[in-house]
Amino acid sequence: MAPHMAEWDLKEIFPVEAMRKAAQLGFGGIYVNPDVGGSGLSRLDTSIIFEALSTGCVSTTAYISIHNMCAWMIDTFGNNEQREKFCPDLCAMQKFASYCLTEPGSGSDAASLLTSATLQGDHYILNGSKAFISGGGDTDVYVVMCRTGGKGPKGISCLVVEKGTPGLSFGKKEKKVGWNSQPTRAVIFEDCAVPVINRLGAEGEGFSIAMKGLNGGRINIASCSLGAAHASVLLARDHMCVRKQFGETLSNSQFLQFKLAEMATKLVASRLLVRQAAVALQEGRPEAVSLCSMAKLFVTDECFSICNQALQIHGGYGYLKDYAVQQYVRDIRVHQILEVIAMSSGPYPFLRKVC
């Protein structure tokens, strides 16, 4: 991906064929069960893979992470018919998936979503819209959180909507600061009839399904941040070795040596937190949800700081699109915004015992 990263960003190319090559390596369903085409790997394996891929292109890897989350949700919460229908094509990336939770009026407050699904016979009639949907319009499968019951999280269900379903349409392609290799659009439902057999789990389980998906999503996006930070540290190091000021290379500046050491230390500390959260989630530990949230919070902040400092070390050159460091800064900035859900019970139950 690395040789094409700048072109995909500039021309806003959704690199379908490159992602299908990734799927041939098993990256289309990394933690999906092998009986439906997945790789059956662990959350720790997944973190390592996404960190490595993100050194090549953060934007594309971040979309792959979202696709994997959707495939896992169908594999985990779907019945055998649903798993066999959707997962093989998703794991092979012959079809692509999008996660539809956020709405124009409900971002972090996901439990207040308004998109409605009214049961009529053997179909749900879906009305409403979703905002900021990665892959929207270019993908084939939409995992949609919608309201089938009353207010609050217990009124939310999860439907799988296929592209081409009458009543499904898309907004304009958003112009973004980063993440330009993946299209972002609103997803709109107008009397969209979705078969009941496309519901994941029982009615009212949608919010729980969405949150369990996001536990892994937080680790995934933090792992993508690690890859950007890792690449940026190396770019800063290499630039310091060739750029001369005051008659010597920047690598001889003790101040910049200290800065680079601090960046590397923050990177390693961030990596350890992500890996710990990944193992906790894989093993189903009680503290897993808290650790996933902590990893997302801490790592996306620290890694953006690392990338930003790498740009600063480049000086004016870092602000030119000829230098890759600026793209890592642009692509990683949104990671501090994503995957944040407000929960009234609080995300850190073990801290409540202390308080």
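Numbering starts at 1 and runs along the sequence shown.
No more than 12 heavy atoms of other residues, nucleotides or ligands shown are found within 6.0 angstrom of NZ on Lys212. Within a 6.0 Å radius of NZ in Lys154, no more than 12 heavy atoms belonging to other residues, nucleotides or ligands are found. Counting non-hydrogen atoms of neighbouring residues, nucleotides and ligands closer than 6.0 angstrom, the CD atom of Gln312 reaches no more than 12 such neighbours. The environment of Glu248 atom CD is dense: over 12 non-hydrogen atoms of other residues, nucleotides or ligands sit within 6.0 angstrom.
Under the 6.0 Å distance and 45° angle rule, Arg333 counts as a cation-pi partner of Phe304. For the pair Arg43 and Trp72, the distance from NZ or CZ to the six-membered ring centre is under 6.0 Å and the angle to the ring normal is within 45 degrees.
Counting only heavy atoms from C-beta outward, the side chains of Ser129 and Thr115 never approach each other to under 4.5 Å. Annotation: side chain of Tyr124 is not in contact with side chain of Thr118 (no heavy-atom distance under 4.5 Å). At a threshold of 4.5 Å between non-hydrogen side-chain atoms, the residues Val144 and Val160 do not count as touching. Between Met19 and Ile64 the shortest side-chain heavy-atom distance falls below 4.5 Å. Within the 4.5 Å cutoff, the side chain of Lys259 has heavy atoms near those of the Glu262 side chain. Under the 4.5 Å side-chain criterion, counting only non-hydrogen atoms from C-beta, Arg237 is in contact with Leu260. Inter-residue side-chain proximity for His239 and Leu235 is flagged as unmet; no heavy-atom pair is nearer than 4.5 Å. Looking only at side-chain heavy atoms (C-beta outward), Leu226 and Ser270 come within less than 4.5 Å of each other.
In this structure, Tyr63 and Phe14 have perpendicular ring planes: the angle between them is above 60°, well past the 30° mark.
When ring centroids are compared, Trp179 and Phe132 stay outside the 6.0 Å threshold. In summary, the aromatic rings of Tyr328 and Tyr323 are positioned with their centroids too far apart to meet the 6.0 Å limit.
Ion pairing of Glu51 with Arg271 is present here, as a side-chain N (NZ or NE/NH1/NH2) and a carboxylate O approach within less than 4.0 Å. The pair Lys172-Glu174 counts as a salt bridge, with a side-chain nitrogen and a carboxylate oxygen less than 4.0 angstrom apart.
Of all non-hydrogen atoms in Cys224 and His335, the two that sit nearest each other are CB-CE1, 3.7 Å.
A distance of 4.5 Å separates OG in Ser65 from CD1 in Ile221, rounded to the nearest 0.5 Å. Remark: Lys130 NZ to Cys146 SG distance equals 7.0 Å, nearest 0.5 Å. Annotation: the span from Leu214 atom CG to Glu339 atom CD amounts to 5.0 Å, rounded to 0.5 Å. Leu281 contributes atom CG, which lies 4.5 Å from atom SG of Cys292 (distance to the nearest 0.5 angstrom).
Between Arg199 and Ser157, the side chains place no donor N or O within less than 3.5 Å of an acceptor N or O (distance only, hydrogens not considered). For the residue pair Thr300 and Gln336, no side-chain donor N or O sits within less than 3.5 Å of a side-chain acceptor on the partner.
Hydrophobic clustering of Ile, Leu, Val, Met, Phe, Trp and Tyr side chains at less than 4.5 Å, counting indirect connections, keeps Leu10 apart from Val58. Hydrophobic clustering (ILVMFWY, side-chain heavy atoms < 4.5 Å, transitive): Leu338 and Val143 are in one cluster. Phe170 is connected to Phe189 through a chain of hydrophobic side-chain contacts under 4.5 Å among Ile, Leu, Val, Met, Phe, Trp and Tyr, so both are in one cluster. Following chains of ILVMFWY side-chain contacts shorter than 4.5 Å, one cannot reach Ile133 starting from Ile188, and the two form parts of different hydrophobic clusters.
A donor-acceptor pair under 3.5 Å is absent between the side-chain atoms of Asn33 and the main chain of Asp35, judged by distance alone.
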